[in-house]
Amino acid sequence: MSSSRVLVLNSGSSSVKYQLLDMSDSSRLAVGLVERIGEETSRLKHTHVESDTTREWTGPIRDHEAALKAVSEELAKDGLGLDSPELAAIGHRVVHGGQSFTAPTVVDDAVLAEIERLIPVAPLHNPANLTGLRTAQALRPDLPQVAVFDTAFHTTMPESAARYAIDTETADAHRVRRYGFHGTSHAYVSRATAKLLGKAPEDVNVIVLHLGNGASASAVRGGRCVDTSMGLTPLEGLVMGTRSGDLDPAVIFHLARVGGMSIDEIDTLLNKKSGLIGLCGDNDMREIRRRVDEGDEQAQLAFDIYIHRLKKYIGAYYAVLGRVDAVAFTAGVGENASPVREAAVAGLEELGLAVDGELNAVRSDRPRLISPEYARVAVAVIPTDEELEIATQTYALVGSNTQQ
């Protein structure tokens, strides 16, 4: 029997998202979510894909170990339990791999220690990712646990893109550099864009725009990232749902000295009370567009600022790449908000970019081109699939060793 299944785990501070995939045909067998871990009102939602049945229950789940045991029990009800010989590995999303991890990595004690060492640059995410890793190890110590890092795809950036222009000794001492995030999405979408164009990834230059509540852009030359908008943290870059993106660093000093705000207050402001929600009180693009259509000037300004920043990055990454074969929109906003795509490309005709209104208006969960045939640069909508990307990378690493 071949072991072709991969369980993908995304462990947050109080949640676990999971998918079980069969890599023989990249099909999903089960998907689910455990949320509010540690509360009396914890909730588990599990869907068995083949039978299209969903089970939900609420009750106390004290910790991640209990959550994963509950996931295992739900999978076992469908004949897909963690003890199945068909399970090849468990792939884990890990947000920050620093410079140490440039590829998916089989987890051992040294890997766990390095992920823990990186907690200061990912204090919200790496601790939760570690908990998921250690819990899964305890449940299946005989099974390969693979860490797939959000930052790995961006480790191909040249130093000229990755370095900040600050004192190098200070930067090195505190690991201050541009790491980038959403890497699994950018990797998947850049390859899928090449496939849509009928070309090999190494022959295609792509600007990927991952636009969700968190948003990032990347410049991908021949399948390798050469620049990305997020930096030391996911705060840098595009205007996001609740994050400011780029701003003058002196704003922080000004708010501290003149506004009397503490570092923690400024951190909260820039990460949770800025971006679209700070500009107009909404971070849902659908609601913002509804307000724009009704003539709301505040929503219009927020939309215009969002598009202005997005357009600047398209232009910047066009310059970085020199030749652009495609611009690919992905994630919740990128895949679904046709006004965002239209506005982001408007006025860039001299760069070979254009959007066909009818094609752009079509709603679909399939990869598709929305540019007219005459356009020199393709504009694509590529639904992202980070779970499949994690499973693919995991299975590529360990699959050859799991055939029985």
Side-chain angles (χ1 to χ4, degrees), residues 1-12 14-39 42-94 104-108 111-112 128-148 184 385-404:
M1 177 186 295
S2 65
S3 303
S4 59
R5 295 175 181 171
V6 174
L7 178 63
V8 175
L9 293 179
N10 182 352
S11 298
S14 61
S15 67
V16 174
K17 297 177 184 177
Y18 65 93
Q19 291 194 15
L20 181 66
L21 297 96
D22 188 334
M23 300 313 296
S24 64
D25 58 5
S26 299
S27 62
R28 280 170 176 76
L29 304 176
V31 300
L33 167 68
V34 185
E35 57 186 348
R36 298 195 290 270
I37 296 171
E39 300 180 21
S42 305
R43 173 174 171 266
L44 188 151
K45 181 178 181 180
H46 172 91
T47 299
H48 181 228
V49 175
E50 185 177 7
S51 63
D52 193 26
T53 57
T54 297
R55 297 186 294 271
E56 293 188 54
W57 61 267
T58 58
I61 297 178
R62 67 181 182 278
D63 54 26
H64 282 71
E65 181 178 358
L68 283 186
K69 286 180 178 177
V71 169
S72 179
E73 290 171 3
E74 290 301 315
L75 289 168
K77 292 176 184 178
D78 300 322
L80 304 171
L82 292 187
D83 58 352
S84 169
E86 296 181 68
L87 188 61
I90 299 178
H92 299 258
R93 180 198 181 209
V94 179
T105 305
V106 175
V107 173
D108 57 20
V111 171
L112 290 173
N129 301 154
L130 273 170
T131 300
L133 279 163
R134 287 172 170 146
T135 302
Q137 274 188 323
L139 289 175
R140 279 298 305 271
D142 59 314
L143 199 66
Q145 309 284 333
V146 176
V148 178
T184 51
D385 197 333
E386 294 177 82
E387 290 79 13
L388 177 58
E389 180 68 17
I390 291 170
T392 299
Q393 293 190 27
T394 297
Y395 194 65
L397 183 62
V398 305
S400 59
N401 298 321
T402 59
Q403 305 302 312
Q404 297 179 355

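Any value given below was found using the heavy atoms of this structure, including those in side chains, with hydrogens, waters and symmetry copies removed.
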Quiz item: What distance do L44 atom CG and E56 atom CD have between them, rounded to the nearest 0.5 Å?
Solution: 9.0 Å
Exercise. Flag the pair P104 / V146 as yes when at least one side-chain heavy-atom distance between them is below 4.5 Å, and no otherwise.
Key: yes
Exercise. Grab the two heavy atoms, one from S84 and one from R5, that are nearest each other, plus how far apart they are.
Key: OG-NH1, 3.8 Å
Quiz item: How many angstroms lie between atom CZ of R55 and atom CD of E74, to the nearest 0.5 angstrom?
Solution: 4.5 Å
Exercise. Test T392 against M23 for side chain to side chain contact (heavy atoms under 4.5 Å, CB included), laying out the working first.
Key: CA-CA 7 Å; T392 299; M23 300 313 296; 3.6 Å; yes
Quiz item: What is the distance from atom NZ of K45 to atom OG1 of T58, rounded to the nearest 0.5 Å?
Solution: 13.5 Å
Self-check item: Where H92 and G132 come nearest, the two heavy atoms and their spacing
Solution: CE1-O, 3.6 Å
Practice problem: Supply the atom-to-atom distance L388 CG to Q19 CD, rounded to the nearest 0.5 angstrom. | Solution: 8.5 Å
Quiz item: Do the side-chain N and O atoms of S4 and D22 include a donor-acceptor pair separated by under 3.5 angstrom?
Solution: yes
Exercise. May I ask you to check whether over 12 heavy atoms, not counting those of D25, lie within 6.0 Å of atom CG?
Key: yes
Quiz item: Between NZ of K69 and CD1 of I61, what distance do you get to the nearest 0.5 Å?
Solution: 12.5 Å
Self-check item: Closest contact, heavy atoms only, V16 versus L68
Solution: CG1-CD2, 4.1 Å
Quiz item: About how many Å separate CG of L82 and CD1 of I90, when rounded to the nearest 0.5 Å?
Solution: 5.5 Å
Practice problem: Could you list all the side chain to side chain donor-acceptor pair (under 3.5 Å) pairs where at least one residue sits in residues 132-143, not counting sequence neighbours? | Solution: E116-R134, R140-D142
Quiz prompt | H46 vs L75, side chain to side chain contact (heavy atoms under 4.5 Å, CB included): CA-CA, chis, key distance, verdict | solution = CA-CA 8 Å; H46 172 91; L75 289 168; 3.7 Å; yes
Quiz item: With sequence neighbours excluded, what pairs up with T47 under the side-chain hydrogen bond (donor to acceptor under 3.5 Å, both in side chains) test?
Solution: T54
